[in-house]
Amino acid sequence: MDAQHWDERYRSQDRLFSGNPNGVLVTEAADLTPGRALDVGCGEGGDALWLAGRGWQVIAVDISQVALERGAAAAAAAGADVAGRVMWTQADLITTPPPGGPFDLVSVQYFPLPVTPDHTALRSLLDAVAPGGTLLIGSHDLADHAAYRDSHPDFDPTTYYQPADVARLLDEGWAVQVNETRLRTAAPPEGTHHVHDTVLRARRVR
Ligand SMILES: C[S@@+](CC[C@H](N)C(=O)[O-])C[C@H]1O[C@@H](n2cnc3c(N)ncnc32)[C@H](O)[C@@H]1O
């Protein structure tokens, strides 16, 4: 799933996602003091704009230039205050570490991160969290993938990190605050069976 794949996927529709912030982010970040945030795989920017609207300085990174342009347009429409707090950055976060760290919040929402034996890309994201900062990962529940797998037998979601996999890799430098599966706060995205989220929230203690 390279840049061309994602650009084509975005171009296939005027808007791929709702434009609303993800429920996991809204639930878990509402009590955080605004600081610097990294939105990993920001898509069309619903989360980045929500964070900016709450006073966060956001680096919003995506591999798709099409998605980033949509995010920047939505930011401009939201006004200079919000637009001025988001930096839209094109990068492949599987092959390159995130720019501009460390961050008080690293938010990873529905980001397909392939499992590798050395966990290099995952470790780059963990390293981007400042001491005292928060790692927040939201993902679709694997159990909800069952119906999708019937029609896409080549897709194996277990080859991507799930929040619980990441929790198992965290050392004593982290405090896990949430590691659970829960009902989505919003309806499943159109045409999908995603009714549950799996969520990891962890604080970097040093
Ligand atoms: C399922 S979408 C989620 C978008 C957004 N986080 C949301 O919840 O609406 C995954 C996003 O990750 C981006 N992405 C996929 N692989 C990437 C990579 N290697 N580096 C950076 N972004 C990537 C895609 O372009 C896409 O926007």
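Read the numbers this way: they start at 1 and go in the same order the structure lists the ligands and their atoms.
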In terms of residue, atom name and distance, what is the protein heavy atom nearest to atom 10 (C) of ligand 1?
Y110 O, 3.5 Å

Between D39 and ligand 1, which part of the residue brings a heavy atom under 4.0 Å of the ligand: side chain, backbone, both or neither?
neither

Quick check on contacts: which atoms of ligand 1 are under 4.0 angstrom from a heavy atom of Y10?
25 (O), 26 (C), 27 (O)

Any chain of hydrophobic side-chain contacts (each under 4.5 Å) joining L38 to W50?
no

In ligand 1, the atoms that come under 4.0 Å of a heavy atom of L93 are 18 (C), 19 (N), 20 (N), 21 (C)

Which heavy atom of D197 sits nearest a heavy atom of V24, and at what distance?
OD2-CG2, 3.6 Å

Residue portion contacting ligand 1 (non-hydrogen atoms closer than 4.0 Å) for F17:
side chain

Starting from atom 17 (C) of ligand 1, which protein heavy atom do you reach first, and at what distance in Å?
F111 CE1, 3.4 Å

Pair S64-D7, side-chain donor/acceptor within less than 3.5 Å:
yes

Does R9 come within less than 4.0 Å of D62, counting only side-chain N to carboxylate O?
no

Looking only at protein heavy atoms, which one is nearest to atom 5 (C) of ligand 1, and how far off is it?
G41 O, 3.2 Å

Selected option - heavy-atom contact closest to atom 22 (N) of ligand 1, from D47, L68, I63, T89:
I63

Just so I know, are the side chains of Q90 and I63 near enough to count as touching, which here means a heavy-atom distance under 4.5 Å?
yes

Of the non-hydrogen atoms in L49 and A74, which two are nearest, and what is the gap between them?
CD1-CB, 3.6 Å

For atom 8 (O) of ligand 1, what's the nearest protein heavy-atom neighbour? Residue, atom name and distance, please.
N22 ND2, 2.8 Å

D92, D62, V108: member with heavy atom nearest to atom 18 (C) of ligand 1
D92

Are A91 and ligand 1 in contact, using a heavy-atom cut-off of under 4.0 Å?
yes

Would you mind checking which non-hydrogen protein atom is closest to atom 15 (C) of ligand 1, with the distance to 0.1 Å?
W6 NE1, 3.2 Å

If we count only N and O atoms by modelled type, under 3.5 Å, do the side chains of Y160 and D165 hold a donor and an acceptor together?
no

Checking side-chain polar atoms at under 3.5 Å, does D118 have a donor or acceptor matched by the opposite partner on T120?
yes

